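Working notes for the structure below.
On a predicted model such as this, the values are computed, not experimentally measured, just so you know. All chains are named by letter (A, B, ...) in the order of the sequence lines, taking the proteins before the strands, and each is independently numbered beginning at 1. Side chains included, hydrogens not; waters and symmetry mates left out as well; all remaining heavy atoms used.
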Amino acid sequence: VLPELDPVIHAPSRLRLVTLLAGADEPLDFPRLQQLLELTAGNLSTHLRKLEQAGYAEVTKAYRDRTPVTWVELTPTGRHAHATYLAALRRYLDGEGARDLLRDEDGVT
Amino acid sequence: MSKDSPSAGAGAVRPERPDRRAGRGVGGAVPFGVALIAVGVLLLLGQLDVLDPARVAAEWWPLLVIGAGLWWLFTRAWLAGAFALGAGLMLLGITLGVLDAGLGNLIFPLFLLLVGLLLLTSGVRLRRATAVAGDTTARHGPAAQRPAGHVDRRPSATAVFGDARLRLYDDGDDPEALVASVTSVFGDVHVQVPAGWRVRNRTSALFGDVKIPRDQPTYPEAPVAELHGLVLFGDLKVRYEDPEEV
């Protein structure tokens with residue numbers, strides 16, 4: 001009854017990253033993500049790879065003024081996973097999941 | 001869609017440039033193809049009784065070594081190219097009777113020559129490496145992660161008949177590249193790199209093994225740890241820190 005929380009999203013840095021990407025209407029570039037999330041380039045790179053490997057984020061590499069830039073956006077799978085995560089979290093936060101679990105247990109005993 | 005986002009098309013963003021190294025797989029077939037053509041021509045001329053392939057091969061086989069040397073020079077593998085070219089010319093001199101020396105007598109001096117060249121070139125690289133700021137046990141890292149104490153600004157590790165470990169930290173200064181130098185002579189050097197970094201191997205290995213993680217990030221913004229130095233009858237093992245620690 002208490003739903004699983006997606007471990008790919010649940011890590012604090014990745015939750016912030018996914019939330020930011022979910023709230024953006026357009027792809028965000030690597031330096032901006034780094035600045036907004038206050039992560040080191042290495043840490044952002046690590047979390048980005050996790051999201052990419054899970055199929056939650058899509059990365060596009062391009063050049064801007066001869067400088068390579070990585071653009072990131074959530075895939076439909078990533079957006080769905082984020083929505084599912086939020087719904088699951090709500091069940092934790094409003095206590096509904098816990099009440100359902102206790103009710104089920106009382107019914108069994 | 002913003003003006004400079006990847007889908008914006010014209011404007012500040014251009015599609016990714018093709019990787020120059022992408023053609024290397026094809027380029028690597030060139031020397032092999034040339035060698036096959038040479039052998040084919042030789043056999044053909046033999047069938048036509050123009051020359052004796054066995055005798056020609058016995059005298060001119062060092063041309064293959066010379067060709068390999070030229071190819072390596074062409075691909076900017078200067079050390080291997082220079083060595084192969086020099087060795088090939090010397091061997092050609094012997095097979096043609098210009099030089100009076102036995103092949104067996106040359107192996108040891110040639111080996112010493114190669115090791116000396118490797119040491120010299122790795123020395124140059126080490127000097128370059130130490131010109132870049134860094135530290136032995138901690139390069140970057142928030143103060144909470146970085147071990148307190150001495151901070152060496154020259155990240156290096158040397159293992160001679162033993163093990164040495166070098167751990168690099170990420171403190172968010174975001175350098176374009178951190179250069180560390182390693183020397184392994186009959187020993188193992190273990191380097192731990194922060195998760196999310198790219199590792200670039202610039203070491204010279206002679207009868208040594210360099211193990212670099214294959215699963216590396218490809219983002220151009222990811223920091224780079226560049227490893228220079230010499231691996232001689234030893235191992236250089238690079239691994240990432242546990243990404244879950246990030």
Side-chain angles (χ1 to χ4, degrees), chain A residues 5-18 20-21 23-76, chain B residues 1-20 22 138-146 167-178 192-199 213-225 240-246:
Chain A
L5 293 174
D6 188 341
V8 176
I9 299 180
H10 192 59
S13 295
R14 283 198 294 277
L15 177 57
R16 293 168 63 218
L17 177 55
V18 171
L20 189 58
L21 291 170
D25 299 328
E26 57 193 28
L28 297 175
D29 65 35
F30 194 106
R32 188 157 177 228
L33 282 172
Q34 200 187 331
Q35 186 188 3
L36 291 169
L37 298 170
E38 295 180 331
L39 288 172
T40 66
N43 287 357
L44 178 56
S45 164
T46 305
H47 294 303
L48 213 48
R49 273 177 68 76
K50 286 256 182 192
L51 294 181
E52 213 183 353
Q53 283 166 350
Y56 291 179
E58 186 178 358
V59 163
T60 309
K61 291 170 195 161
Y63 274 81
R64 181 174 54 198
D65 299 331
R66 297 182 182 179
T67 304
V69 181
T70 301
W71 294 90
V72 188
E73 62 183 325
L74 280 189
T75 60
Chain B
M1 188 65 60
S2 73
K3 197 176 175 183
D4 56 356
S5 67
S7 323
V13 176
R14 287 178 284 114
E16 188 175 13
R17 269 188 240 162
D19 189 347
R20 279 186 215 163
R139 163 59 183 154
H140 294 280
Q145 288 181 18
R146 185 163 42 184
R167 185 171 181 183
L168 307 174
Y169 289 84
D170 185 346
D171 72 1
D173 277 356
D174 291 336
E176 286 194 358
L178 161 66
Q192 184 172 318
V193 179
W197 284 47
R198 287 180 288 157
V199 180
R214 288 184 184 177
D215 187 29
Q216 295 195 29
T218 56
Y219 317 121
E221 294 90 344
V224 177
Y240 283 116
E241 70 175 298
D242 184 358
E244 295 307 323
E245 292 174 14
V246 174

Review point. Heavy-atom distance under 4.5 Å to chain B: side chain of A/E52, backbone, both or neither?
Key: side chain

**Study point:** Any donor-acceptor pair under 3.5 Å from B/E221 side chain to A/P31 backbone
**Key:** no

Check your understanding: Any chance CD of A/Q53 has more than 12 other-residue heavy atoms, nucleotides or ligands included, within less than 6.0 Å?
Key -> yes

Check your understanding: Counting only N and O atoms by type, is there a donor-acceptor contact under 3.5 Å from the side chain of B/Y240 to the main-chain atoms of B/W197?
Key -> yes

Exercise for review: May I ask you to decide if A/K61's main-chain N or O and A/T70's side chain share a donor-acceptor pair within less than 3.5 Å?
Suggested key: no

Exercise for review: Measure distances from B/P217 to the heavy atoms of chain A and classify the residue's part below 4.5 Å as side chain, backbone, both or neither.
Suggested key: both

**Study point:** Side chain, backbone, both or neither of A/V59 within contact of chain B (heavy atoms, under 4.5 Å)
**Key:** side chain

Study note, to complete from the structure: If one checks every heavy atom of A/L28 against chain B at 4.5 Å, the contacting part turns out to be neither

